[in-house]
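In what follows, a structure is listed as structure tokens, so that the remarks can point back to it.
All values below were derived from every heavy atom in this structure, side-chain atoms included, with hydrogens, water molecules and symmetry-related copies excluded. Computed from a predicted model, the values in this text were never measured in an experiment.
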Amino acid sequence: MTAPRLTADRDRCIGAGMCAMTAPEVFDQDDDGLVLLLHPDPPADHRTAARLAVGLCPSAALTLHDPAAGDP
């Protein structure tokens, strides 16, 4: 089974920081406040926080691709 994979669209990011506050082990922000994806394949113990961060992103700049759920 393939683990979920994250992607971040820095062109869509508005620098709200919800991702870095919600899942600091997976996301950070650069000097301009834009998302930095630290772990595109988050370990199992950080996946719940990563999923929450994806849902909280106000600009929908984050995507979680979950092969188990039929996502490409």
Notebook entry, point to check: Sequence neighbours excluded, which residues qualify as side chain to side chain donor-acceptor pair (under 3.5 Å) partners of Asp30?
Noted result: Arg10
Next item on the list: Of all the heavy-atom pairs spanning Leu37 and Thr7, show the shortest one and how long it is.
Entry: CD2-CA, 4.0 Å
Check: In Å, rounded to the nearest 0.5 Å, how long is the span from CD of Glu25 to NE2 of His39?
Finding: 8.5 Å
Check: Under 3.5 Å, is there a donor-acceptor pair between the side chain of Asp9 and the main chain of Asp11?
Finding: yes
Check: So Val35 and Gln29, side chain to side chain contact (heavy atoms under 4.5 Å, CB included) or not? Walk me through it.
Finding: CA-CA 5 Å; Val35 63; Gln29 291 177 281; 5.8 Å; no
Next item on the list: Linking directly or through intermediates, with side-chain heavy atoms under 4.5 Å: list the remaining ILVMFWY members grouped with Leu38, chain and number order.
Entry: none
Checklist line | Closest non-hydrogen atom pair, Ala16 against Met21 | finding: O-CE, 4.2 Å
Notebook entry, point to check: When rounded to the nearest 0.5 angstrom, what distance separates CG in Leu52 from SG in Cys19?
Noted result: 11.5 Å
Next item on the list: Calculate, to the nearest 0.5 Å, the distance between atoms CG and CG belonging to Leu34 and Asp28 respectively.
Entry: 11.5 Å
Item checked: Spacing of CE belonging to Met18 relative to SG belonging to Cys57, to within rounding of 0.5 Å -> 9.5 Å
Check: Which is it for Phe27 and Leu6 under the side chain to side chain contact (heavy atoms under 4.5 Å, CB included) test, yes or no, and what are the steps along the way?
Finding: CA-CA 10 Å; Phe27 303 100; Leu6 292 164; 3.8 Å; yes
Notebook entry, point to check: Can you list every pair that meets salt bridge (charged side-chain N to carboxylate O under 4.0 Å, His left out) and has a residue in residues 40-62, with sequence neighbours left out?
Noted result: Arg5-Asp41, Arg51-Asp66
Item checked: For the student: nearest non-hydrogen atoms of Ser59 and Cys13, plus distance -> OG-CA, 3.7 Å
